[in-house]
Amino acid sequence: MTGIRLTAPAPGWAIDADVVVVGSGVAGLTAALRCAAAGLDTVVVTKARLDDGSTRWAQGGIAAALGEGDTPEQHLDDTLVAGAGLCDEEAVRTLVTEGPDAVRRLIGTGAHFDTTDSGDIALTREGGHHRRRIAHAGGDATGAEISRALVGAVRGAALHTIENALVLDLLTDAEGRTAGVSLHVMGEGQHDGVGAVRAPSVVLATGGMGQVFSATTNPSVSTGDGVALALRAGAEVSDLEFVQFHPTVLFLGADSEGQQPLVSEAVRGEGAHLVDADGVRFMVGQHELAELAPRDIVAKGITRRMHEKGAEHMYLDARHFGARMWEQRFPTILAACRAHGIDPVTQPIPVAPAAHYASGGVRTDLRGRTTVPGLYACGEVACTGVHGANRLASNSLLEGLVFAERIAADIAEARPPRTEPADAPGDAGAPVPLLSPEARTAIQHTMSRGAGVLRSADSLATAADELEALHREAAADADGSKAVVPGVDAWEVTNLLLVSRVLVAAAREREETRGCHWREDRPDRDDAHGRRHLVVRIAPDRTPVVHRTETAAFPPVRPSD
């Protein structure tokens, strides 16, 4: 344990449970429902409303070998190729073999997927897939439908939920085992202010950290809170340098910031073409799958063409779809484009890459256990080994489903006893000096310039220096009259800084180009030295400590395993 905690008031209230699940996307709600079904007293904590996480924004769909002629083995092969030599094959095999039944259980929970005229699940293709295996709902509203079904099931099961609550830190008992979380309820809900949920099992399902960058497809709540909490608690994270930039995000201008509209990969899966301003299909010849190459290859292809042409964006041309197909298959994307003055029925769509998905995260085993006893992680906050250096399209929802079910099974089997937290956050440990909320923009600009799609030793060194300066400034202010008052904005930006420092530390160590990590000064893949994982923890002085594994396999999360 590090003893590091956010500066925050001591909890003014507490509730007890067997399990607390932090997050309400597909991973969190699936874990909560399975834990509750096993008879465990389960509490769901979520940062906004139950349906406000990243799952709701997922357009493309969920990948599983459900179609005729498709097999888990073929799905495994496509995932391993996309992962560029860093996938954990056992984790991928678990995903693809348990995935189809997990999707069927999701349907049993109430999720409705689009079907063909014969009543079978309609399947499409996305980048990196050699078969049609992407199930979708509402055309391009898959995440919204999955969220609707799971939220309905949670409400129907009368689970205890705490909405509008930012999780702060992990509580531990005298033996260093998980004993719950501290959290701040933002003026609404059953409780107010800082409190605690005391439970021997904590499941982090907090989603991603896209808000460390200026432009992202992630919602505003994706500020890396789960990764930051885990790091402060002494957990290891891995592969954080592998941030996937979605190739086709609606370009709203070079200065646009915050959440950007996504143009789903499924649009290319249905036959849209990437072209430059002259109408040239520049991905043809770069990969056997052209526009349907894995996302890292397409994002690099777009970025390279932008540099060649001195352009700020490329185009996605789907005018040949016609109005009827756009309206029926992609109504959400059609509406978003038209809201910004682009009609994809008659115009090519301006697109550019933007931060989309964290392939790395809190390191877990195949049961979702982290290196901290009693702390679990699943979904985008976790690093299960499934994604390797680059996530295969539409594997994320499936990963959330499969590993959430595995976590629930492990907790139900172990049923650890409740213990008392050793001390209250704010009363002991080393409180982390808080950043001023105004530092958020500085962090995002630093990360976008230095650790975005294109990286180099120089850009990463500059980013590290700028982040370190913010870190030192916060520490200096904490000792004087400029100390920042604890609050949601300050806690979020402090989490963003911690996650950014760890991401940059790992990216500086990866002196090669692999998957979605693109070093323009090191353009080649180096399997002799680079086919390793970078595992990071935080030292008690809050310095990132990076360790390179000896092989492409993860070490066990428990010394006895």
Side-chain angles (χ1 to χ4, degrees), residues 5-6 8-25 27-50 52-53 150-151 153-206 221 225-226 229-230 232-233 372-377 404 407-408 411-412 414-429 486-488 491:
R5 291 179 171 141
L6 286 172
W13 53 269
I15 58 176
D16 295 301
D18 296 319
V19 185
V20 56
V21 177
V22 187
S24 60
L29 295 187
T30 298
L33 286 167
R34 297 294 182 269
C35 284
L40 296 163
D41 184 3
T42 304
V43 174
V44 177
V45 174
T46 188
K47 193 172 178 180
R49 298 187 305 274
L50 278 182
D52 263 353
L150 291 173
V151 169
V154 164
R155 296 204 191 283
L159 264 66
H160 187 163
T161 61
I162 304 175
E163 297 180 287
N164 302 295
L166 172 65
V167 67
L168 300 177
D169 280 304
L170 192 73
L171 306 179
T172 55
D173 63 18
E175 305 300 320
R177 183 184 167 79
T178 293
V181 292
S182 59
L183 65 156
H184 172 78
V185 179
M186 296 177 266
E188 297 180 32
Q190 184 177 343
H191 307 280
D192 237 351
V194 175
V197 179
R198 298 181 298 215
S201 298
V202 172
V203 181
L204 293 179
T206 52
V221 295
D225 307 317
L229 174 149
R232 287 192 297 270
V372 175
L375 179 65
Y376 296 79
I407 286 172
I411 295 173
R415 293 185 182 269
R418 298 180 184 181
T419 57
E420 287 295 318
D423 49 54
D427 292 344
V488 173
W491 288 321

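Values in this document were obtained by computation on a predicted structure and should not be read as measured data.
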Using every non-hydrogen atom in the two residues, find where Thr42 and Ala36 come nearest and quote the distance to one decimal.
OG1-N, 3.6 Å
Which pair of heavy atoms, one from Ala17 and one from Val43, lies closest together, and at what distance?
CB-CG2, 3.7 Å
Output for pair (Thr161 OG1, Arg155 CZ), nearest 0.5 Å, gives 6.0 Å
Inter-residue atom distance Lys47.NZ - Ile162.CD1, 0.5 Å rounding
16.0 Å
When Val203, Asp225, Val44, Thr206 are each screened for side chain to side chain contact (heavy atoms under 4.5 Å, CB included) with Val22, the one that passes is Thr206
By side-chain contact (heavy atoms from CB on, under 4.5 Å) - contacts of Ala377 (at least two apart):
Leu204, Val362, Thr364, Thr370, Val381, Ala382
Any side-chain heavy-atom pair from Val185 and Trp13 closer than 4.5 angstrom?
yes
Quick check: closest heavy atoms across Ala422 and Ala174, and the distance to 0.1 Å?
CB-N, 3.8 Å
For residues 194-201, dump all side-chain donor-acceptor pairs below 3.5 Å to protein atoms at least two apart in sequence or in another chain.
{"from": "Arg198", "atom 1": "NE", "to": "Asp16", "atom 2": "OD1", "distance (Å)": "2.8"}
{"from": "Arg198", "atom 1": "NH2", "to": "Asp16", "atom 2": "OD1", "distance (Å)": "3.4"}
{"from": "Arg198", "atom 1": "NH2", "to": "Asp16", "atom 2": "OD2", "distance (Å)": "3.1"}

Those residues that, when tested against Ala408, pass side-chain contact (heavy atoms from CB on, under 4.5 Å) (two or more places apart):
Arg34, Cys35
Hey, could you give me the CG/CG distance between Leu6 and Asp169, rounded to the nearest 0.5 Å?
4.5 Å
Val372 versus Ala233, closest heavy-atom pair with distance
CG2-O, 3.8 Å
Does any non-hydrogen side-chain atom of Val154 lie less than 4.5 Å from one of Leu33?
yes
Looking only at heavy atoms, the pair that brings Leu170 and Gly180 closest together is CD1-O, 3.5 Å
Leu168 and Ala8 have their tightest heavy-atom pair at CD1-CB, 4.0 Å
Which residues pass the salt bridge (Lys or Arg N to Asp or Glu O under 4.0 Å) test with Arg415, sequence neighbours left out?
none
Could you give the distance from CG (Asn164) to NE2 (His184), rounded to the nearest 0.5 Å?
10.0 Å
For Ala48, give me all partners under side-chain contact (heavy atoms from CB on, under 4.5 Å), at least two apart in sequence or on another chain.
Asp52, Val221
Who passes side-chain contact (heavy atoms from CB on, under 4.5 Å) against Thr46, sequence neighbours left out?
Ser24, Leu50, Glu163
Non-hydrogen side-chain atoms of Glu175 and Pro373 separated by less than 4.5 Å:
no
Taken to the nearest 0.5 Å, the spacing of Leu183 CG from Ile15 CD1 works out to 8.0 Å
Spatial distance of atom CG (Asp41) from atom CZ (Arg418) [nearest 0.5 Å]
5.5 Å
